[in-house]
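One structure below.
Only a predicted model underlies this, so the values are computations on that prediction, with no experimental measurement involved.
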Amino acid sequence: GQVEIYRFSSDHKSLDPFRNIKMHTADSYCVKFKGPDLMAIGSSDSQVSLWSRKQDYTCFRVLNRMEWPIRSLSFSHDEQFLAIGSEDPFIAIEHINSGALVAKIATGKVSKERESKTTGFPINAVAWHPNKHILAFAGSEVDDRTGRATGAIKLFGLC
C-alpha cells in the first residue's frame, strides 16, 4: 500500500529517495499520472485514490465502487474522467472532480452456476484516445465454445 517516490539526482545518473507515502491498506497494483498535478493509485483493496502532486501529495478523493483488485487505470485527455479496470463485471468511468459514476461498461455475463450472479473477466488494460472520449480495453476473456482466450481489444465511445 505504499508508494515510494524517487527523483533523479542532479547529474541524472541515479535515483534519490524523495517520499514514501502510505496510500492504501493493501498492495498498490497500478499508478497513472496526468499532467503536472494529478496521480491515481489502484490497489488490491479495490479502491482508487486520487492525489494532488501540486499540494504536496494530498489525497483528495477515494473511489470505492469496485469489489475486486484494481488492475488498470486511464485518465481521459481532458482530465475529466478516469476509467477503472478490475475483475468486476464492468469497467467504471468516474468523474474526477465529483467522484460520480458516469458510465458502466459491461464486461461480464451471468454465471451458469448462479443465474443471478454476474461474473467478469479480468481487465488488463484500459486506455483513452489521446483527444476523444473513446476508450479501448482488453482483458482475459475466454470464448465459451472453444475455451480459448479471445485476445480481443474492444472500444467504447462516450457521447
Side-chain angles (χ1 to χ4, degrees), residues 1-105 107 120-142 149-159:
Q2 295 187 137
V3 172
E4 296 177 3
I5 303 169
Y6 292 83
R7 286 190 173 170
F8 278 108
S9 62
S10 57
D11 61 4
H12 295 290
K13 293 185 179 181
S14 65
L15 292 173
D16 298 327
F18 174 65
R19 285 239 166 68
N20 190 337
I21 304 171
K22 179 81 171 154
M23 296 185 167
H24 286 273
T25 60
D27 294 341
S28 299
Y29 281 0
C30 51
V31 60
K32 200 54 112 174
F33 294 97
K34 185 66 176 178
D37 185 41
L38 197 53
M39 178 174 67
I41 307 288
S43 174
S44 65
D45 64 10
S46 74
Q47 297 183 350
V48 176
S49 57
L50 298 172
W51 297 79
S52 170
R53 295 188 297 164
K54 198 181 289 182
Q55 296 177 357
D56 200 30
Y57 293 89
T58 302
C59 180
F60 66 91
R61 178 159 287 107
V62 175
L63 306 171
N64 57 5
R65 193 171 314 280
M66 309 308 264
E67 293 183 23
W68 290 90
I70 307 303
R71 298 170 65 103
S72 183
L73 301 167
S74 183
F75 286 107
S76 62
H77 69 282
D78 56 5
E79 298 181 19
Q80 292 216 14
F81 307 111
L82 180 69
I84 304 169
S86 71
E87 293 178 40
D88 285 272
F90 61 90
I91 295 169
I93 298 178
E94 310 232 11
H95 193 271
I96 299 295
N97 292 328
S98 69
L101 180 67
V102 175
K104 271 183 166 181
I105 304 168
T107 63
F121 56 88
I123 298 298
N124 299 320
V126 291
W128 286 100
H129 186 279
N131 58 15
K132 295 184 172 121
H133 288 134
I134 299 172
L135 183 72
F137 60 95
S140 300
E141 188 173 11
V142 175
T150 63
I153 295 174
K154 298 180 179 183
L155 300 176
F156 173 81
L158 191 62
C159 298

May I ask you to check whether over 12 heavy atoms, not counting those of Arg53, lie within 6.0 Å of atom CZ?
yes

Rounding to 0.5 Å, atoms CD1 (Ile84) and CD (Gln47) come to a distance of 10.5 Å

Please list, chain by chain and in numerical order, all residues satisfying side chain to side chain donor-acceptor pair (under 3.5 Å) with Asn131, sequence neighbours excluded.
His129

At their closest point, which heavy atom of Ser72 faces which heavy atom of Cys30, and how far apart are they?
N-SG, 3.8 Å

Correct closest heavy-atom pair for Ser44 and Ala26 would be OG-CB, 3.1 Å

Interatomic distance, Ile123 atom CD1 to Thr107 atom OG1 [nearest 0.5 angstrom]
4.5 Å

Among all residues two or more places apart in sequence or in another chain, which pass the side chain to side chain donor-acceptor pair (under 3.5 Å) test with Ser49?
His24, Trp51

Taking every non-hydrogen atom, the tightest pair across Met66 and Ala92
SD-CB, 3.8 Å

Check: Ser74 side chain, Trp128 main-chain N or O, donor-acceptor pair, under 3.5 Å:
yes

Is the closest side-chain heavy-atom distance between Gln80 and Ile96 below 4.5 Å?
no

Sequence neighbours excluded - salt bridge (Lys or Arg N to Asp or Glu O under 4.0 Å) pairs with any residue from residues 33-50:
none

Checking side-chain contact (heavy atoms from CB on, under 4.5 Å) for the pair Tyr29/Leu73: CA distance, chi angles, key distance, verdict?
CA-CA 10 Å; Tyr29 281 0; Leu73 301 167; over 6 Å; no

What's the spacing between Glu67 CD and Phe90 CZ if we round to 0.5 Å?
7.0 Å

With rounding to the nearest 0.5 Å, note down the distance linking CG in Asp16 to CZ in Phe8.
10.5 Å

Determine the interplanar angle of the Phe81 and His95 rings, folded into 0 to 90°, and report it as parallel if under 30°, tilted if 30 to 60°, perpendicular if over 60°.
perpendicular

Among pairs that include at least one residue of residues 121-138, which meet salt bridge (Lys or Arg N to Asp or Glu O under 4.0 Å), considering only residues two or more places apart or in two chains?
none

Exam field: side chain Ser86 to backbone Arg71, donor-acceptor pair closer than 3.5 Å:
no

Ignoring hydrogens and geometry, is there a side-chain-to-backbone donor-acceptor pair from Arg61 to Asn97 under 3.5 Å?
yes

Asp56: side chain to side chain donor-acceptor pair (under 3.5 Å) partners, not counting sequence neighbours:
Arg19

For Ser43 and Asp27 the tightest heavy-atom approach is OG-O, 2.8 Å

Do you know which two heavy atoms are closest between Ala83 and Val126, and how far apart they sit?
O-CG2, 3.8 Å

Please lay out, stage by stage, how His77 and His133 fare under the test side-chain contact (heavy atoms from CB on, under 4.5 Å).
CA-CA 8 Å; His77 69 282; His133 288 134; 3.7 Å; yes

Are any non-hydrogen side-chain atoms of Tyr6 and Pro17 less than 4.5 angstrom apart?
yes

Please enumerate all residues that pass side chain to side chain donor-acceptor pair (under 3.5 Å) together with Ser14, with sequence neighbours excluded.
Ser9

Nearest 0.5 Å, please: how far is CG in Leu135 from CZ in Phe156?
8.0 Å

dist Ile5:CD1 -> Met39:CE (nearest 0.5 Å) comes out at 5.0 Å

